[in-house]
Amino acid sequence: MIKLESLSKHFGETVVLESIDLAIEKGEIVVIIGPSGTGKSTLLRCINFLEQPTAGTMTVGDLTVDVNRATRKEILSMRRRTAFVFQNYALFANKTALQNIAERLLVVDRWPKEKAYRRAREILEQIGLADKADAYPASMSGGQQQRVGIGRAMAAGAEVILFDEPTSSLDPEWVEEVLGLMKQLASERQTMMVVTHEMSFARDVADRVIFIDGGRIVEQGPPSEIFYHPKDPRTKDFLKKILATNPV
Amino acid sequence: MDVLNFEYMIGLVPVLLRYLPLTLQLAGIGMVLALILACLFAVVRVLRIPVLNQLTIVFISFFRGTPLLVQLFLFYYGLPQLVSALTVIDGITATIMGLTMHFSAYMAESIRAAIVGVDRSQTEAALSIGMTNGQLMRRIVLPQATRVALPTLMNYFIDMIKATSLAFTLGVTELMGATQKEAAGSFLYFEAFIVAAIMYWVVVEILSKLQNYLEFRLNKAYSR
């Protein structure tokens, strides 16, 4: 379970996130939508401590931290409970697909080599890239790289996987295979928080859709409600614009 | 008409070859120490560690800003004068110190540039899975920076091999010093120094081949 209480992030004078309260159940699939530059990515990055939040408390599993008092150890521990999938894949360029997935098991969890690589191979099977085990990122397509990126996040056995616009950098031809893998994870009830502009994914897969604007949660609910009966005028406006270019 | 005394030159080869190991040792030890020092400097500069960062900047500025020969003389003649315990410092030690500090200053900058050049998102990815700064440097950033820095570092190594010839000014009989002595005995300066030049050249050529091989190996991960 994940719980955010009064989580805020300021960059100098600019308020990016304003007092976010949010609780996510184990196995829940949450999709976060909203206009660009309104704090969606920052929210995910704060949960993973890639950004230092300005104030608030966060709970992931059995660890609760006051973001301002978090020790180095707690930050590491928080990161280990939350896995991140990046928009630009961010695979380790000096490592093969297999090594990218095994890296965390070897270095962070200190598994013995054999066990770590066995687990990494299982994940490669799951993401349909068993034949790419020894391929380096430079030789893989965008879709394959992002699937490895997701595989790397799966290896963690994290409480939650945070997806930061996982398909936004992909050529259209690769989007489906990545969304397909995410749907597969969702069907296994992997807890997920997904920032995306793929509205059909949000509608079909999400348990809950959260609309964020101006650093605040404006509206949230099941997709049927948000997409077909939005209450806030900002939600309506956003959906009208995005559905015009990106029909569900 | 004898422009060159070939017989003398051929005879000189085995004589000078005996001094080549010392030349290579000076450069080899100097390079290893310079690399270690340069990596430390680079990390200090990249992480902007307070105090150390400023000291490193001054160090690099001095050792890049003054001639190697001046530095060698400072170590050899200057240090013993300053600290009496160092009167035992010999030419070889002074040469290694000089080469190490001089070249570490240059190498620190190219290593720093190579570290900064590694895609920032990979650093974030490493942090996101819970790696410590040390782990991400060792496993992700430095291996990739090495590949970028390798051509320049090899250049410095080649330069250092040639710079060992300055050791003869501190009374060290390495390849250059030996050549000087031989030539002074035979008065065949031209011949002697051609032999020495060819020896340096051959060593550097072998290194260039090694560099090509290493670059090929390190680039394997990045070719499509």
Side-chain angles (χ1 to χ4, degrees), chain A residues 41 44-45 47-52 72-97 99-110 134-141 145 148-149 151-158 161-162 164 169, chain B residues 35 39 42-44 46-50 52 110-154 211-224:
Chain A
S41 292
L44 293 193
R45 292 170 61 83
I47 296 174
N48 195 245
F49 267 105
L50 285 175
E51 302 286 354
Q52 169 69 43
R72 269 179 52 89
K73 239 179 109 182
E74 283 173 333
I75 289 175
L76 279 182
S77 178
M78 215 56 166
R79 284 178 175 153
R80 287 166 190 185
R81 288 153 189 259
T82 55
F84 208 97
V85 175
F86 294 84
Q87 180 178 347
N88 64 354
Y89 337 130
L91 295 186
F92 305 131
N94 59 330
K95 308 225 171 255
T96 63
Q99 290 167 337
N100 262 281
I101 295 172
E103 184 69 5
R104 157 185 179 131
L105 302 173
L106 287 169
V107 180
V108 177
D109 303 315
R110 299 191 185 281
D134 298 322
Y136 286 96
S139 68
M140 289 190 271
S141 73
Q145 287 191 57
V148 174
R152 180 172 65 185
M154 290 160 64
I161 301 183
L162 309 164
D164 187 11
S169 300
Chain B
L35 261 180
C39 282
V43 171
V44 165
V46 170
L47 300 180
R48 298 211 176 90
I49 298 172
L52 285 181
S110 50
I111 294 174
R112 184 176 70 93
I115 290 176
V116 173
V118 174
D119 181 15
R120 167 91 195 132
S121 68
Q122 291 185 44
T123 302
E124 291 204 330
L127 289 176
S128 83
I129 59 175
M131 280 199 204
T132 61
N133 281 326
Q135 286 170 336
L136 91 89
M137 270 288 163
R138 223 171 38 246
R139 302 193 50 103
I140 308 298
V141 177
L142 288 181
Q144 295 184 59
T146 305
R147 164 178 166 262
V148 177
L150 184 78
T152 9
L153 293 181
M154 284 303 272
Q211 176 180 351
N212 290 342
Y213 171 73
L214 284 177
E215 278 182 34
F216 171 76
R217 284 275 311 266
L218 287 173
N219 279 330
K220 240 175 31 188
Y222 305 88
S223 48
R224 276 156 202 281

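Scope of the values below: all heavy atoms of this structure, side chains included, with no hydrogens, waters or symmetry mates. First the proteins, then the strands, lettered A, B, ... as listed; each starts at 1.
Most heavy-atom pairs under 4.5 Å with chain B, from the set R45(A), R152(A), R72(A): that is R45(A). Per-residue counts of heavy-atom pairs under 4.5 Å with chain B were compared for A90(A), S77(A), A93(A); the largest is that of A93(A). Looking only at heavy-atom pairs under 4.5 Å with chain A, the residue among R120(B), R147(B), R139(B) that has the most is R139(B).
In this structure, chain A has a heavy atom under 4.5 Å from the side chain of Q135(B), while its backbone stays farther away. Only the side chain of N88(A) comes within less than 4.5 Å of a heavy atom in chain B; its backbone stays farther off. At a 4.5 Å heavy-atom cutoff, R81(A) makes no contact with chain B through either its backbone or its side chain. Looking at F92(A), both its backbone and its side chain come within 4.5 Å of chain B, counting heavy atoms on both sides. For a residue to count as touching a neighbouring chain, one of its non-hydrogen atoms must lie under 4.5 Å from one of that chain's; by this rule L91(A) touches chain B with the backbone only. Contact of T82(A) with chain B is made through the backbone alone, with heavy-atom distances under 4.5 Å.
In this structure, Y89(A) and N100(A) have side chains that are not in contact, with every pair of non-hydrogen atoms separated by 4.5 Å or more. The shortest side-chain heavy-atom distance between S110(B) and L153(B) falls under the 4.5 Å cut-off.
In this structure, E103(A) CD and T96(A) OG1 are separated by 10.0 Å, a value rounded to the nearest 0.5 Å. Atom-to-atom distance recorded for N48(A):CG and L50(A):CG is 4.5 Å, nearest 0.5 angstrom.
The two residues A155(A) and I101(A) come nearest to each other via the heavy atoms CB-O, 3.5 Å.
Side chain of Q87(A) to backbone of D164(A): no donor-acceptor contact under 3.5 angstrom is found. A donor-acceptor pair under 3.5 Å is formed between the side chain of R104(A) and the backbone N or O of R80(A).
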